[in-house]
Amino acid sequence: MSRVEKKGFMHEVKEIIKVFLMAAILAVVIVQVIRPTRVDGLSMYPTLENSDYLIINRVSRYTGVKRGDIVVFDSYMPLNSLTSQDKSTAKKIVDFILQDDSSTKDLVKRVIAVGGDHITIKDGVVKVNGKVLDEEYISKDNYTDGDIDTTVPEGKLFCMGDNRRNSLDSRYTEVGFVPESRLVGSVLVRLFPLQNIGTVK
């Protein structure tokens, strides 16, 4: 290989490296605003189904969420997955870009009450600040178990799945009140399956 050819080859290599670096930087910037995720389980049925692919609005971590929003948050429950030492380099890079340490489980639930709200659950009836919630997103044969009478601390959320009989959520000590600091974001849109693409309410 001549000196000129070698110089041209090195230039191409440098350009390729630049493209990859720019793509990685762009990916890191993008995931500060949106992030993909997949629904695992049926706790949000019939609103969301197992294996639905969603796009999360990460800006809502800073702007706040309101009652009725569907959110993704980082729970304290450990994942039965590979340890950091067992992960491949590629997997570690993807986790870094997505800002996902994969050590605890992300949950998808609906915000029922926010900080300062008084929530009660009795005989299947959910009340927030003394008013019965009109929960059209729940199937008619679904019953809300639990005997709750509490005030949500400031900076925390009370979240439940729409499939009340099959949801581990704020009614149970394993989840409890959700600190706003552990929000991953709110659900912006469903991408898959294609027949259900669109916003989610």
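These numbers come from the heavy atoms of this one structure, side chains and all, not from hydrogens, waters or symmetry mates. Quantities reported herein were computed from a predicted structural model and do not represent experimental measurements.
- Two residues are said to be in side-chain contact when any heavy atoms from C-beta on lie closer than 4.5 Å; Val125 and Thr144 fail this criterion.
- Looking only at distances, a side-chain donor or acceptor of Arg110 sits under 3.5 Å from a matching main-chain atom of Gly68.
- Scanning both residues, Pro46 and Ser139, for their nearest heavy atoms gives CD-N, 4.3 Å.
- Two residues are said to be in side-chain contact when any heavy atoms from C-beta on lie closer than 4.5 Å; Leu188 and Thr199 fail this criterion.
- The salt bridge (Lys or Arg N to Asp or Glu O under 4.0 Å) analysis of residues 174-194, with sequence neighbours excluded, yields the pairs Asp52-Arg190, Asp74-Arg182.
- Side-chain contact between Lys201 and Tyr137 is absent, with no heavy-atom pair separated by less than 4.5 Å.
- Scanning both residues, Cys159 and Val178, for their nearest heavy atoms gives SG-CG2, 4.1 Å.
- No more than 12 heavy atoms of other residues, nucleotides or ligands sit less than 6.0 Å from atom CD of Glu136.
- Between Lys109 and Ser43, the shortest heavy-atom distance links the atoms NZ-OG, 3.0 Å.
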Chi angles and distances behind the side-chain contact (heavy atoms from CB on, under 4.5 Å) call for Val152, Phe177: CA-CA 7 Å; Val152 182; Phe177 295 121; 4.0 Å; yes
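- At a threshold of 4.5 Å between non-hydrogen side-chain atoms, the residues Ile112 and Arg67 do not count as touching.
- The CD1 atom of Ile148 sits 10.5 Å away from the NE2 atom of His118 when rounded to the nearest 0.5 Å.
- Between Ile16 and Lys18, every side-chain heavy-atom pair lies at or beyond the 4.5 Å cut-off.
- Residues Asp147 and Arg171 are not paired through a salt bridge, judged by the lack of any N-O separation under 4.0 Å between the basic side chain and the carboxylate.
- The CG atom of Asn166 sits 11.0 Å away from the CG atom of Asp145 when rounded to the nearest 0.5 Å.
- Val184 shares a hydrophobic cluster with Val39, Met44, Leu48, Leu54, Ile56, Ile70, Val72, Val108, Val187, Val200; the chain of contacts runs through ILVMFWY side chains whose heavy atoms sit under 4.5 Å apart.
- Between Ser75 and Lys105, the shortest heavy-atom contact is OG-O, 2.6 Å.
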With side-chain contact (heavy atoms from CB on, under 4.5 Å) as the test, would you mind laying out the steps for Met160 and Val111 before giving the verdict? CA-CA 7 Å; Met160 290 195 286; Val111 177; over 6 Å; no
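- In this structure, CD1 in Ile138 is found 11.0 Å from CZ in Arg165, a value given to the nearest 0.5 Å.
- Within the model, atoms CG of Leu183 and CG of Asp69 stand 9.5 Å from one another, a figure rounded to the nearest 0.5 Å.
- Contact of the Lys127 side chain with the Ile121 side chain is not registered, since no non-hydrogen atoms from C-beta on lie closer than 4.5 Å.
- For Asp169 and Arg164, the salt-bridge test fails: no basic side-chain N is under 4.0 Å from an acidic carboxylate O.
- Residues Val126 and Glu135 are in side-chain contact: their nearest non-hydrogen atoms beyond the backbone lie under 4.5 Å apart.
- Nearest heavy-atom pair across Val71 and Val65 is CG1-CG1, 3.9 Å.
- Between Thr47 and Asp162, the side chains place a donor N or O and an acceptor N or O closer than 3.5 Å (distance only, hydrogens not considered).
- Atoms CG and CZ, from Asp106 and Phe73 in turn, are 9.0 Å apart once rounded to the nearest 0.5 Å.
- Counted within 6.0 Å of OH on Tyr53, heavy atoms from surrounding residues, nucleotides or ligands total 12 or fewer; the atom is thus considered open.
- Judged by distance alone, the side chain of Asn57 and the main-chain N or O of Val59 form a donor-acceptor pair under 3.5 Å.
- Scanning both residues, Gly116 and Thr151, for their nearest heavy atoms gives O-CG2, 3.9 Å.
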